[in-house]
Amino acid sequence: MSENVRNYTSERARTRETETETEETESADESVQCPECGGNLVNDSERGETLCRDCGLVVEEDEIDRGPEWRAFDAKEKDEKSRVGAPTTNMMHDKGLSTNIGWQDKDAYGKQLSSRQREKMQRLRTWNERFRTRDSKERNLKQALGEIDRMASALGLPENVRETASVIYRRALDEDLLPGRSIEGVSTSSLYAAARQAGTPRSLDEIANVSRVEKDEIARTYRYIVRELNLEIQPADPESYVPRFASDLELSEESERRARQLLSTAKEQGVHSGKSPVGLAAAAVYAASLLTNEKVTQSEVSEVANISEVTIRNRYHELLEAEEKVQMP
């Protein structure tokens, strides 16, 4: 008798489990399907409702809106109204985690502060700035990252290059490579290396023009940093300079494409070996402008590429000779 009771009890338990699973499955299906027509449900965030896409039945209403309570009609207005800060970045010495006291002497309602409050806010700004750079390492980093940002802006380098240069400088600082070298020299070399890594190189002369250190020091520090940090930097490709030169000279896409063809032929013939990539690129742009009947002088190319006209003439003849060899039967 007791055995029959146990069997009956276990059978009832299994039945309950099956019924529970069925109810959960049905409730899950109901949560994604319309209870009336079985259609798909969609959320209307503006009205706070969940409704059926097919029959229009409102399944839920008065839902919680987890978005902001304000509206913005462009990116600038969105940034002004947003209450969150920018993401962390290596381009700031504190990675953008610290706060900043605004320079406007106004309260939350836009009214001007009194003279006593203005003095108080100025003292707070001063102390806030001192606390942001607590030791010499942070002051060093702040100065170097400011230099990187200034030079990158002058050279028209994108944000990813500035970020990479900041990471390279941080690594050099962490591995104690700065003693005996200037902050400006290491920061300039970091930017030069980052630009080459990103495929948007600038010539050493261009870098030296915006830097506060001499060209020889930049080259020497660059070689030292690349060696000590084991940076993988490929030799500069002359073709990477062509778009910038063509854009500055306002040449057509046809000229730019022709310049690339000249450089490709020069590589096949081995003309590029041992030559300055900037000089080859400038000569290719000049030759391409002549071949496509666009009037560009050697002096204009020389000014844009920051290289002598003699170099352009020499490379120009070498490129055309390589082109003729390929075209010969």
Side-chain angles (χ1 to χ4, degrees), residues 151-152 154-158 161 188-189 191-211 213-220 222-223 226 232-329:
M151 291 185 291
L155 294 168
L157 291 170
V161 176
T188 306
S189 303
L191 184 63
Y192 181 50
R196 292 188 62 172
Q197 278 188 333
T200 55
R202 297 294 185 267
S203 67
L204 201 56
D205 290 322
E206 289 177 299
I207 294 285
N209 285 339
V210 299
S211 176
V213 294
E214 297 295 329
K215 179 180 174 181
D216 292 340
E217 183 181 346
I218 298 171
R220 186 169 58 251
Y222 166 75
R223 289 192 295 268
V226 170
E232 294 184 4
I233 299 177
Q234 299 295 329
D237 187 356
E239 290 188 26
S240 60
Y241 293 93
V242 170
R244 183 161 55 90
F245 293 168
S247 175
D248 291 344
L249 293 167
E250 298 182 354
L251 296 176
S252 64
E253 291 184 6
E254 183 184 359
S255 294
E256 184 178 335
R257 186 169 58 253
R258 193 72 180 87
R260 292 179 182 276
Q261 291 175 356
L262 288 170
L263 290 173
S264 180
T265 304
K267 289 178 186 176
E268 293 174 2
Q269 297 293 317
V271 175
H272 69 297
S273 180
K275 306 292 194 308
S276 167
V278 181
L280 280 172
V285 169
Y286 174 67
S289 67
L290 296 181
L291 294 172
T292 55
N293 296 321
E294 297 189 37
K295 303 208 173 202
V296 174
T297 63
Q298 289 182 8
S299 61
E300 289 174 335
V301 179
S302 171
E303 185 177 354
V304 166
N306 197 19
I307 201 165
S308 69
E309 295 182 28
V310 177
T311 303
I312 294 175
R313 281 195 293 272
N314 292 339
R315 300 292 92 80
Y316 162 74
H317 291 302
E318 292 172 359
L319 290 174
L320 292 184
E321 288 173 4
E323 186 84 358
E324 289 175 2
K325 286 180 183 178
V326 173
Q327 293 176 354
M328 286 176 62

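In this structure, Pro277 and Pro238 approach most closely via the heavy-atom pair O-CB, 3.7 Å. Listed here is the closest heavy atom pair of Gln234 and Arg196: O-NH2, 3.3 Å. In terms of heavy-atom proximity, Ala259 sits nearest to Val242 at CB-CG1, 4.0 Å. Looking at every heavy atom in both residues, Leu320 comes nearest to Ala287 through CD2-CB, 4.4 Å.
Every side chain to side chain contact (heavy atoms under 4.5 Å, CB included) that Ala194 has, sequence neighbours left out, goes to Val161, Thr164, Ala165, Ile168. Residues satisfying the side chain to side chain contact (heavy atoms under 4.5 Å, CB included) criterion with Glu206, sequence neighbours excluded, are Leu155, Arg202, Ser203, Arg244, Asn306. Every residue was checked against the side chain to side chain donor-acceptor pair (under 3.5 Å) condition with Gln197, not counting sequence neighbours, and none meets it. Take Asp248 and apply the salt bridge (Lys or Arg N to Asp or Glu O under 4.0 Å) test, not counting sequence neighbours, and it matches no residue. Glu309 meets the side chain to side chain contact (heavy atoms under 4.5 Å, CB included) test with Gln298, Ser299, Ser302, Arg313; sequence neighbours excluded. Shown here are the salt bridge (Lys or Arg N to Asp or Glu O under 4.0 Å) partners of Glu239, two or more places apart in sequence or in another chain: Arg260, Lys267.
Within a 6.0 Å sphere centred on CD of Glu303, other residues, nucleotides and ligands contribute 12 heavy atoms or fewer. Other residues, nucleotides and ligands contribute at most 12 non-hydrogen atoms within 6.0 Å of the CD atom of Glu214.
The structure places NZ of Lys295 at 11.5 Å from CD of Glu300, a figure rounded to the nearest 0.5 Å. From Arg315, atom CZ reaches atom CD1 of Ile307 across 8.0 Å, with rounding to the nearest 0.5 Å. Taking OH from Tyr316 and CG from Leu280, the interatomic distance works out to 15.0 Å, rounded to the nearest 0.5 Å.
Side chains of Leu204 and Tyr222 form no contact here, defined as non-hydrogen atoms less than 4.5 Å apart. In this structure, Phe245 and Val296 have side chains that are not in contact, with every pair of non-hydrogen atoms separated by 4.5 Å or more. Looking at Met151 and Ile207, their side chains never come closer than 4.5 Å, going by heavy atoms from C-beta outward.
A distance-only check finds a donor-acceptor pair linking the side chain of Thr292 to the backbone of Ala288 [under 3.5 Å]. Judged by distance alone, with hydrogens and angles left aside, the side-chain atoms of Ser189 form a donor-acceptor pair with the main-chain N or O of Ile218 at under 3.5 Å.
The only member of Leu319, Val301, Leu262 that meets side chain to side chain contact (heavy atoms under 4.5 Å, CB included) when paired with Tyr286 is Val301.
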Problem set entry | Step-by-step side-chain contact (heavy atoms from CB on, under 4.5 Å) determination, Leu251 to Glu256 | CA-CA 7 Å; Leu251 296 176; Glu256 184 178 335; over 6 Å; no

For this session: Go through the steps for Glu217 and Arg220 under the test salt bridge (charged side-chain N to carboxylate O under 4.0 Å, His left out), then give the verdict.
Result: CA-CA 5 Å; Glu217 183 181 346; Arg220 186 169 58 251; 5.1 Å; no

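A salt bridge does not link Glu254 with Arg257: none of the charged nitrogens is closer than 4.0 Å to a carboxylate oxygen.
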